[in-house]
Each structure stands twice: as structure tokens, then as C-alpha cells.
Amino acid sequence: MRQRTGERIPVVVQRDVRGRRLAARGLWTGAELVMTLGVVLLLLVAHQLWWTNRQARAEAADTVHVTLHHHRDPLTCPLPHGPHDRPRARNSPEP
């Protein structure tokens, strides 16, 4: 076998394997953090919707109870519209 003097021999250059592993690990960790924060945020939104619905139902039930009680006896139980609403007698003059 004869060798030529000007011919280049292909050389395989290994890239930095540690740098790739470190980048892959950082990407993996970042993706896990984003997914975890997304799940926690989704659970928070679900809880807020559930709790708001629960409060709204309780407030609606209280309003219905007060309204029904008012219609039974309007003079003794006025509707609570504000702090200045007070029950008046039927024939009293307007303030």
C-alpha cells in the first residue's frame, strides 16, 4: 500500500459530551418545573371555582330564606337592603 503525501486523513472530533448532558439535564429539569407549576395552577383554579360556587349557593339560599320570611310577615322582618333601611308602620309619613 502506498500512501499519498498530500491526502488528508479524516479525523473524528468528539464534541463535549458533558456539555450536552448538562444541557439535557437543565432542559429536563426546566420542563418538569413548568409542568409542576401548571398542575398546581390548574388545581388552584379548580379550587377557586369550587369554593366560589359553594359560597354563591349558600348566599342564594340565605337570600331565599330571608325573602320568604319577609313575605310571610313584612313588618317584622324587612328585606336587608342596606344599613339605613328600617321597618316603618303602614300609615307613617315618608321621611
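All values below come from the heavy atoms of this structure, side chains included, with hydrogens, waters and symmetry mates left out. Each residue takes its place number in the sequence, starting with 1.
- In this structure His47 satisfies the ring pair (Phe, Tyr, Trp, His ring centres under 6.0 Å) test together with Trp50, sequence neighbours excluded.
- Listed by chain and number, the residues in a ring pair (Phe, Tyr, Trp, His ring centres under 6.0 Å) with Trp51 amount to none (sequence neighbours excluded).
- Note that CG of Asp62 is 10.5 Å distant from OG1 of Thr67, once rounded to the nearest 0.5 Å.
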From CA spacing to verdict: side chain to side chain contact (heavy atoms under 4.5 Å, CB included), Val64, Leu68: CA-CA 6 Å; Val64 167; Leu68 288 176; 3.9 Å; yes

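- Between Leu49 and the options Val45, Asn53, Thr52, a side chain to side chain contact (heavy atoms under 4.5 Å, CB included) holds for only Val45.
- The ring-ring contact (aromatic ring centres under 6.0 Å, His included) analysis of residues 27-46, with sequence neighbours excluded, yields no pairs.
- Note that CG of Leu43 is 12.0 Å distant from CD of Gln48, once rounded to the nearest 0.5 Å.
- Atom CD of Gln55 has more than 12 heavy atoms from other residues, nucleotides or ligands within 6.0 Å.
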